[in-house]
Q: 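I have a structure here, written as structure tokens, and I will follow up with some questions on it.
If you're wondering where the values come from, they're calculated on a predicted model, not measured in any experiment. The first residue of the sequence shown is numbered 1, and numbering continues consecutively from there. Order of listing sets the numbers, starting from 1, for every ligand and every atom in it.
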Amino acid sequence: MKYVTELECIDCGEIYAPEPERYLCESCDDEGLLEVKLDYERLAVEWSREELSSDPRGNMWRYGPLIPVKPGTPRPRLEVGSTSLYHAPGLAKELGLENLIIKNEGLNPTGSLKDRASAVAVVKAQEAGRHAVACSSTGNAATSLAGNAASLDEDMEAVIFVPERVPGGKLAQLLIYGAVVVSVQDNYEKAYNLSAESIDRWGWYNRNAAINPYLVEGKKTCVLEMAEQLDFEMPDWLVFSVGDGCTIAGAWKACKDLREIGFIDKTPRLLGVQAEGCAPITRSFRTGEPLEVTSEDTIADSIAVGRPRNYKKALMAVKNSGGTMVNVTDEEIMEMMTLLGSRTGIFGEPAGVAGLAGLRREAAEGEISRDDDIAFVVTGNGLKDIDNARRAASEPLEVSPDIEELRQIFEQRGIIKEDE
Ligand SMILES: *Cc1c(COP(=O)(O)O)cnc(C)c1O
Ligand SMILES: [Zn+2]
């Protein structure tokens, strides 16, 4: 917290003290989103790239000076961050591009980028003196919260509200981590409302990323880490899928922080990608009209958010970066799951690869040029949602245990050529 100065409402500019349970702006009828303000001048003087590179921690806490938590509060034991960055020349070529790198956030301890926000949430919950922390989630916010809470030394109950459509892998994770799991027999919107009421009534710590200003600060560590991995040479484009809008807002906050403290010169443009069956933010971006709530009709459950709470920060992020937004169909997402897997060995969940489908569209339409440097973040692990992966993938070859039959099938499929 050393460099945190205050919280500022993004709508009216009202200033608040950075208390752990300050969520929204009162002057804006408890709707204005708050942003964590940092003392960039002091950071620029007191912290350097050299100091960062000599930090021995191989997790997100190495970016501590930019993360709004107290140094003494115990961290979760799970090691969040330090996910791999790959060059993907084969995949790039397939998309008509030259320089594509991929950051695989599915490698985080509970399998998604959300671990970065949840790690901050369980630290803030302790600072608030709470012993229970709650959220509503389409899945990954919940699983990451349950896992990170379970890895604390002190007791911290995770109370989770999920919509009934949550994929089996994520539900299994929640139950294995020992969370209290409330499956709301309705959509995400209804699960969210019930969680908000419950949090008010029972006084738990609130890990709903869209209203808790500290969580975006956790999410931003993905891009802080990427910048360090790239030796502070940022790409031309950063590609993210968008649901509530916190992830892409966090990406932009990271860029802003790094630029303001002099770690980077150039900031990337952001490409935000939504699913066609649930794209309220893209619509608002394109039309300039206020957000309209939509239905949630896509296999990409993690970005199926019909009433995104953080859309203002997301829109500001994309606009300020000079970026753009695009939608993709479920068919394109499924195609990308197999393309990404077969070209790179990375297995992403539908929302985790939606960005890639958007990238292909923008590259095909010339919005993104062939020789631009592009970084794409796989936000979640494919093992969380096996049913949709099976729908996207082909079937195995079925044979009886007979080498002759096998040979015939192999020949039919062109897997072998035997000249006899
Ligand atoms: C949460 C999530 C997103 C989108 O993040 P938002 O902050 O909701 O925009 C994308 N992909 C995966 C795998 C997620 O879990
Ligand atoms: Zn306000």
Q: Looking at R49 and E228, does any basic side-chain N land under 4.0 Å from a carboxylate oxygen?
A: no

Q: Please enumerate all residues that pass side chain to side chain contact (heavy atoms under 4.5 Å, CB included) together with E154, with sequence neighbours excluded.
A: Q126, H131

Q: Before accepting this row, confirm whether a basic side-chain N of the pair K266/D236 lies closer than 4.0 Å to the acidic partner's carboxylate O.
A: yes

Q: Salt bridge check, E349 against K170: does any charged N sit closer than 4.0 Å to a carboxylate O?
A: yes

Q: Do the side chains of R361 and E332 get close enough for a salt bridge, i.e. N-O under 4.0 angstrom?
A: yes

Q: Mind running side chain to side chain donor-acceptor pair (under 3.5 Å) on E46 and Y3 for me, showing each step along the way?
A: CA-CA 10 Å; E46 296 180 11; Y3 298 103; 2.7 Å; yes

Q: Check this for me, if you would: do E6 and K37 make a salt bridge, where the nitrogen-to-carboxylate-oxygen distance has to be below 4.0 angstrom?
A: no

Q: Quick one: do E35 and K256 make a salt bridge, cutoff under 4.0 Å?
A: yes

Q: Please enumerate all residues that pass side chain to side chain contact (heavy atoms under 4.5 Å, CB included) together with K319, with sequence neighbours excluded.
A: F285

Q: Any idea which residues sit under 4.0 Å from ligand 1, heavy-atom distances?
A: K114, N140, K219, S241, V242, G243, D244, G245, C246, T247, S302, I303, E349, A351, T379, G380

Q: Suppose the cut-off is 2.8 Å; which protein N/O/S atoms would you list for the Zn ion (ligand 2)?
A: C9 SG, C12 SG, C25 SG, C28 SG

